[in-house]
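Step one of this worksheet: look at the structure below.
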Amino acid sequence: MSKLLNNLMHKAISRRDFIKGSVVATAAVSALTLTGCSDNKVEETEEKDHTPIENPEEGGNWVTAACWHNCGGRCINKVMVKEGAVVRQKTDDSHEDSYEYPQQRSCVRGHAQQQQCFGADRIKHPMKRKHWEPLTGGNKELRGQDEWEIITWEEAFELVAQEFKHIKENYGNRAFLETGWGSKNSAKVLNLYGGHTWNWDTSSYGSYLLGMHHLGLPAYGQGTANDRFDMLNAETIVLHGSNPAWSSAGNPAFLFHKAYEGGTKFVVIGPDYNASAQLYDAKWLRVRTGTDTAFLLAVAHEMIRLDQAGENIIDWDFVHKYCVGFDKESMPSDARLDENFMDYVLGKYDGVAKTPEWATKICGTPVEDITWYARELRKEKKVMLLYTFGAARNNGAENLPQLLHTVGLMGGHAGKSGHAVGSSYARNAGNSGPQLVGSGGDGLPGVDNAIDDAIAAPQVWTAVLTGKYRYVGDCWFGGLKEGEEREIDIRCIYHDASAYLQTGVNMTDGIKAHRKVDFVVSKAQFLTTQAKYSDIILPVTTEWETVGGFSGANREMVVCYQQVTEPLYEAKTDQEIDKGIAKALGLNPDEMYPISEKQQFFNKIAGCWYMDTKGEKQTLVTITDKDIANWECEGTPQKGLITIEELFANGGHQIKREIGDAYTCIGWESFITNPEENPLPSVSGKFEIYSQKKADELNGLGFDQVDYKPYPHYVVPKVGYETTFKDGNVDGEKGDYPFLLFNPHYLRRSHSVFDNCPWLRETWQNPVFLNTEDAMKKGIQNGDTVLVYTPYGKVLRQATLLEILMPGMVGIPHGSWVDMDEKTGIDRGGADNILVGSVVSGMGISGYNNFNCNFEKYDGEALTPDHLKPQAIFED
Amino acid sequence: MEKKRELIEIILTNRVYLYELTHALFGGVPNAEFMQLMNSEHTAFAWSILSSEEGDIFQQMSEWQVDKSLEEMKSEYTKLLVGPGKLKAYPWASTYLGNEKMLFQESTLEVRRMYEQYGFRTQAFQKVADDHLAIELHFMAKMSVRAKEAFEKGDDALMARTLEGQRQFIKQHMLLWLPQYAAKLEEIEDATIYPMYAKALLHMIRADKELLESELFV
């Protein structure tokens with residue numbers, strides 16, 4: 001007999017009293033209504049036999065799962081769902097894989113997507129900061145450090161509405177701020193309520209957001225390179241500031257590799273010999289981060305010099321026929337300044353010829369490499385000069401887009417097979433051309449934002465803190481305008497659609513701003529940085545919990561995803577939350593969302609289109625009366641190429657390509673063939689190496705006193721390589737922040753998303769990239785904890801020493817979440833934007849890639865790689 | 001014989017209460033009524049029934065009063081069992097039984113099957129992970145009620161089947177992860193109440209298994 005039983009048998013327990021007491025106590029405990037407890041109950045249902053599962057796949061269904069992030073790629077992700085759990089995962093297997101018709105295979109982040117939806121750290125209930133007080137915020141310094149309490153959705157909606165009403169009535173709609181890359185149209189419910197102040201950021205595009213049409217380029221400089229098959233015809237492919245292997249997951253790296261296999265030579269330009277450079281055995285032209293303008297001016301100089309020396313470098317016919325402003329004889333009619341690009345490069349105006357010897361002091365590129373590149377760009381060579389925007393995300397990069405195209409066009413590299421100058425960005429990397437397939441619209445009305453206050457990113461937090469900013473229009477919607485000083489009194493920050501506190505510049509000031517305003521509310525799936533500094537958190541679903549939808553992919557593909565599971569715990573969709581707030585404000589939610597989310601999805605399916613071989617848009621999806629009845633949606637039958645079932649089974653639709661097909665395209669071909677009939681969108685209709693509009697636009701902003709020229713010229717950045725020296729003298733002594741900081745993107749995160757996924761944490765550490773020699777001088781070894789600091793903040797990261805990084809460069813891979821040690825003021829999370837400041841100049845570029853920093857070995861508590869977990873121990 | 005029946009009745013009654021109580025303990029934000037119950041004489045006695053030697057945890061529990069204010073209890077509960085943010089000890093079995101700190105895993109479906117075998121499922125089906133500690137305790141509480149009622153009705157077969165189901169659930173499931181959870185809680189520096197209760201719960205489940213496997217029920 002067990003000791004316990006033996007003991008029990010010898011205890012004197014009065015049966016009657018005990019049973020009576022138990023009944024009373026049990027009734028009391030059963031009657032409790034504890035907050036959060038309704039989630040934690042079982043109820044009676046039918047009994048089912050429990051047979052051991054021999055095949056875990058039995059009863060599972062494959063569905064295409066959303067992979068919707070701003071990651072640089074777009075692929076097919078399929079999961080096997082069984083009773084709300086994901087038990088298997090795969091990628092595109094809708095057809096055999098080939099180069100011409102490739103599968104759209106997903107990357108490590110897509111494979112880790114289930115850790116986002118089903119992560120144990122999901123926020124499961126609406127939460128309120130414990131010491132928050134209505135209308136004043138209470139002790140606002142506690143934001144980011146306070147405890148939390150569960151609240152109901154009803155309470156959450158009421159509290160948010162009460163704050164919004166108070167702020168609107170007392171301070172007006174300008175007092176609301178919703179941040180993001182261009183947040184005019186987000187925070188829909190605030191727009192319905194009269195609008196909100198918003199901000200704009202040059203974000204990924206940097207200076208390519210400066211009126212590209214003035215130069216003759218498409219928006220963001222995107223879409224002038226050639227079809228992917230034409231890359232096979234190039235002799236040289238230049239990847240300028242580009243690393244598709246890391247930044248364009250999915251097929252792009254493979255598409256480039258096909259050209260490499262065919263004998264195309266690769267050149268990679270940037271501060272490191274990156275993964276793509278290694279993959280294609282590229283020649284590396286080293287250029288310090290943020291100094292590409294100096295480098296390219298010297299390349300232009302060498303092209304002119306070599307040409308004048310009798311080498312056949314510049315395509316003069318091309319430059320004179322398709323461009324304006326290269327030399328005296330090709331000036332545009334609206335020019336007000338009697339200066340041209342060639343004479344500037346040769347030093348006629350400022351007495352400084354832009355020679356390789358001049359440039360190398362700034363960009364660090366060996367003189368002979370600059371000359372080599374000038375020769376490589378000669379007109380007879382088939383060269384594709386492809387760029388991404390990393391080099392444009394720098395303070396002082398205003399002239400880069402115009403200059404990069406000028407250099408490419410000097411060699412005549414446009415409008416013909418094997419030649420190109422154009423972007424090769426994100427999911428369109430190595431695959432330029434018009435979209436061939438897409439989805440329809442959702443059928444929702446727009447809700448306009450009545451407030452025109454748009455704050456440039458480097459000013460947004462200082463505007464909150466000081467009440468002042470300089471209004472210059474914006475880069476995303478209405479365009480830049482003549483600048484004017486404005487006063488602003490921000491009282492509420494609403495984080496609706498973007499992770500801006502984490503991904504925008506100067507998080508240190510951002511945190512201060514969050515601790516200043518009266519009210520902060522965030523939608524969140526996890527305790528993200530901005531949720532952490534909020535008063536109220538509204539748990540929002542992931543895309544896996546919505547009815548389904550579409551995401552645009554490369555030009556040949558549209559992805560259609562389905563619902564994976566029900567909204568988990570108390571999470572609501574964005575639209576449900578917006579509606580709840582609207583109702584609590586006494587507004588009509590139907591003005592935002594007159595139709596259901598399912599109907600919106602149905603509308604998108606019905607509106608799907610594809611381009612036929614004649615270049616005409618055709619209906620993609622067949623819809624029958626039966627479909628309409630099954631979906632319980634409004635619609636009309638239509639005849640298309642595929643059924644809804646096929647759309648779902650394939651995860652969308654992909655155009656079958658083959659070499660030489662009708663979809664093959666050459667960038668700018670129509671303009672080159674007939675420039676009169678197909679002019680570019682500039683004033684002259686040509687590419688403007690001299691653009692009066694560009695100069696006028698920049699000079700009107702008033703962020704600095706620089707005299708911007710109509711042609712590309714060198715401007716010493718307010719912060720950049722020069723400021724790493726005392727007094728800005730590149731021949732002199734180094735200053736207190738002698739290193740240049742840049743933010744490479746890698747596969748652990750998509751901006752800040754996925755940072756908390758254990759699989760990705762294990763696969764990719766959270767390093768700081770240091771040049772080996774620089775690190776050794778400071779006694780730093782691989783894996784050491786390093787303190788990196790700028791005038792804006794301090795972070796810790798673990799050292800990765802690289803021979804393939806130029807000396808003087810410090811790479812902080814983008815996007816890790818802040819973990820501020822309030823005592824030391826050091827961010828143990830290693831957030832890049834704690835380091836990146838808010839210097840405003842030129843067009844207001846967020847200088848993510850050329851701030852100045854210093855670093856040292858950290859003496860305090862070392863960082864532990866966060867994926868390390870103790871081993872599981874089991875009990876019999 | 002009568003003595004044996006009486007003892008069975010006491011045990012069956014007591015386990016209903018303790019499973020209901022621990023379900024509430026780990027299942028929701030505490031309130032004043034709950035605190036009163038935790039510190040009540042009956043609760044002290046309910047723990048003491050499981051004691052088998054001088055000074056063991058059940059005796060300790062019978063003398064232990066929660067000395068924290070309700071506010072502190074709420075705060076500790078929210079920090080340890082709600083979040084937001086990374087919990088220092090996850091209350092879901094799947095995070096211990098697999099390699100991933102994720103919910104809705106294959107092991108979660110196994111737990112769902114164990115519930116279904118006895119005709120239970122989560123109230124918020126497919127919205128909440130089935131293997132949260134408090135849900136498992138609620139399942140145990142409902143099963144305990146069923147066993148007690150079967151006993152009262154003299155339905156020995158139902159009682160035996162139900163108790164065997166509970167014994168298996170403890171042996172094949174709860175004891176595979178609860179020790180780790182309790183150990184994790186104990187490592188947390190600024191928590192005092194829940195780690196103690198988790199430890200007591202673990203011992204309670206072990207004691208329950210011991211009784212279910214004793215000659216009283218076999």
Side-chain angles (χ1 to χ4, degrees), chain A residues 1-5 7-9 13 15 18-19 21-22 25-26 28-30 32 34-50 56 82-87 114-115 118-121 123 125 127 147-150 527 531 537 565-569 758 872-875, chain B residues 6-7 10 13-14 16-17 20-21 24 27-29 31 33-34 37 42 52 75 78 82-86 90 92 95-96 100-106 108-109 113-124 126-128 132 134-135 138-139 142 175-176 179-180 207 210-211 214-216:
Chain A
M1 183 183 295
S2 86
K3 214 169 165 187
L4 167 57
L5 183 58
N7 231 357
L8 250 177
M9 290 174 79
I13 304 169
R15 180 197 163 272
F18 179 74
I19 301 290
S22 285
T26 303
V29 76
S30 307
L32 291 169
L34 303 181
T35 305
C37 202
S38 57
D39 281 348
N40 291 326
K41 286 184 176 166
V42 293
E43 62 187 13
E44 292 206 25
T45 181
E46 232 174 277
E47 277 187 22
K48 283 185 196 164
D49 276 348
H50 180 44
K82 188 166 154 180
E83 301 166 41
V86 165
V87 294
Q114 53 182 288
Q115 293 197 310
F118 297 113
D121 300 331
I123 293 177
H125 313 277
M127 305 291 293
E147 292 181 28
W148 295 88
E149 291 172 351
I150 298 182
L527 191 63
I537 304 174
T565 186
E566 289 296 312
L568 298 184
Y569 293 83
I873 303 158
F874 297 106
E875 181 175 336
Chain B
E6 201 169 285
L7 193 53
I10 286 168
T13 307
N14 198 38
V16 170
Y17 178 62
E20 281 283 4
L21 184 76
V29 184
N31 62 14
E33 294 79 40
F34 175 73
L37 271 170
H42 182 81
S52 57
S75 162
T78 308
V82 180
K86 193 172 163 55
Y90 291 120
W92 294 278
T95 64
Y96 301 90
E100 314 304 340
K101 306 300 168 208
M102 282 161 75
L103 310 183
F104 295 93
Q105 300 295 288
E106 283 187 31
T108 315
L109 298 184
R113 268 184 196 83
M114 293 183 211
Y115 295 164
E116 283 174 347
Q117 194 185 353
Y118 295 94
F120 291 101
R121 67 176 203 179
T122 54
Q123 263 183 27
Q126 292 196 9
K127 289 178 78 74
V128 304
H132 187 282
I135 302 181
H138 199 234
F139 167 70
K142 293 282 176 203
L175 284 180
L176 298 188
Q180 297 173 70
E210 192 179 326
L211 288 174
S214 74
E215 49 267 55
L216 213 52

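Naming convention: chains lettered A, B, ... in sequence-line order (proteins, then strands); numbering from 1 in each chain. Below, all heavy atoms of this structure are taken into account, side chains as well, without hydrogens, waters or symmetry copies.
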- Task: Specify whether A:Phe118 and B:Phe104 have parallel, tilted or perpendicular ring planes, treating 30° as the upper limit for parallel and 60° as the lower limit for perpendicular.
- Result: tilted
- Task: Would you mind telling me which of A:Asp39, A:Val86, A:Ile123 has the largest number of heavy-atom pairs within less than 4.5 Å of chain B?
- Result: A:Asp39
- Message: Could you tell me if the side chain of B:Met102 sits less than 4.5 Å from the side chain of A:Gln114, heavy atoms only?
- Response: yes
- Starting at OG1 of A:Thr45, measure out to CZ of B:Arg121 and round the result to the nearest 0.5 Å. 5.0 Å
- Nearest-0.5 Å distance that lies between atom CZ in A:Phe18 and atom CD in B:Glu6: 11.5 Å
- Would you say the side chain of A:Leu5 lies within less than 4.5 Å of the side chain of B:Glu215, judging by non-hydrogen atoms? yes
- Message: For a 4.5 angstrom cut-off between non-hydrogen side-chain atoms, does A:Lys82 reach B:Leu109?
- Response: yes
- Inter-residue atom distance B:Leu7.CG - A:Ile13.CD1, 0.5 Å rounding: 7.0 Å
- Item | Heavy-atom proximity to chain A below 4.5 Å, by part of B:Val82 | side chain
- Message: Rounded at 0.5 Å granularity, tell me how far CG in A:Asn40 sits from NE2 in B:His132.
- Response: 4.5 Å
- Could you tell me which of A:Glu566, A:Gln115, A:Glu46 has the largest number of non-hydrogen atom pairs under 4.5 Å with chain B? A:Gln115
- Among B:Asn14, B:Thr108, B:Thr95, B:Leu21, who wins on heavy-atom pairs under 4.5 Å with chain A? B:Asn14
- Message: I'd like to check the salt bridge (Lys or Arg N to Asp or Glu O under 4.0 Å) partners of B:Glu100; sequence neighbours left out, ordered by chain and number.
- Response: none
- Message: Side chains of A:Ile537 and B:Pro84, heavy atoms from C-beta outward: is any pair under 4.5 Å?
- Response: yes
- Item | Salt bridge present between B:Arg113 and A:Glu83 (N-O < 4.0 angstrom) | yes
- Note on the structure: Correct closest heavy-atom pair for A:Trp148 and B:Thr78 would be O-CG2, 3.1 Å
- Heavy-atom closest pair, residues A:Glu47 and B:Gly119: CG-N, 3.3 Å
- Item | Residue pair A:Met127 / B:Gly83: nearest heavy atoms and the distance that separates them | CE-O, 3.5 Å
- Between B:His138 and A:Val42, is there a donor-acceptor pair closer than 3.5 Å when you use the side chain of the first and the backbone of the second? yes
- Item | Check: A:Leu568 and B:Val128 side chains under 4.5 Å, non-hydrogen atoms | no
- Item | Min side-chain heavy-atom separation B:Glu33-A:Leu32 under 4.5 Å | yes
- Query: Which region of B:Tyr115, side chain (C-beta onward) or backbone (N, CA, C, O), has a non-hydrogen atom less than 4.5 Å from a non-hydrogen atom of chain A, or is it both or neither?
  - Reply: side chain
- Note on the structure: Heavy-atom nearest pair, B:Leu211 first then A:Leu8, reads CD2-CD1, 3.9 Å
- Point-to-point distance, once rounded to the nearest 0.5 Å, from CD of A:Glu44 to NZ of B:Lys142: 7.5 Å
- Note on the structure: Distance col, row B:Gln123:CD vs A:Ser38:OG, nearest 0.5 angstrom, shows 7.5 Å
- Do B:Ile135 and A:Lys41 have side-chain heavy atoms sitting under 4.5 Å apart? no
- Message: Counting only non-hydrogen atoms closer than 4.5 Å, does B:Tyr90 touch chain A with its backbone (N, CA, C, O), its side chain (CB onward), both, or neither?
- Response: side chain
- Query: Can A:Glu147 and B:Ser75 be counted as having a side-chain donor-acceptor contact under 3.5 angstrom?
  - Reply: yes
- Query: Do you know which of B:Ala124, B:Ser52, B:Ser214 has the most heavy-atom pairs with chain A at a distance under 4.5 angstrom?
  - Reply: B:Ser52
- Message: Using every non-hydrogen atom in the two residues, find where B:Gln126 and A:Thr565 come nearest and quote the distance to one decimal.
- Response: O-OG1, 4.1 Å
- Task: Report yes if some heavy atom in the side chain of A:Thr35 is under 4.5 Å from a heavy atom in the side chain of B:Asn31; otherwise report no.
- Result: no
- Heavy-atom pair of closest approach, residues A:Ala25 and B:Leu37: O-CD2, 4.1 Å
- Message: The criterion is side-chain contact (heavy atoms from CB on, under 4.5 Å); which residues satisfy it with B:Glu210, sequence neighbours excluded?
- Response: A:Ser2, A:Leu4
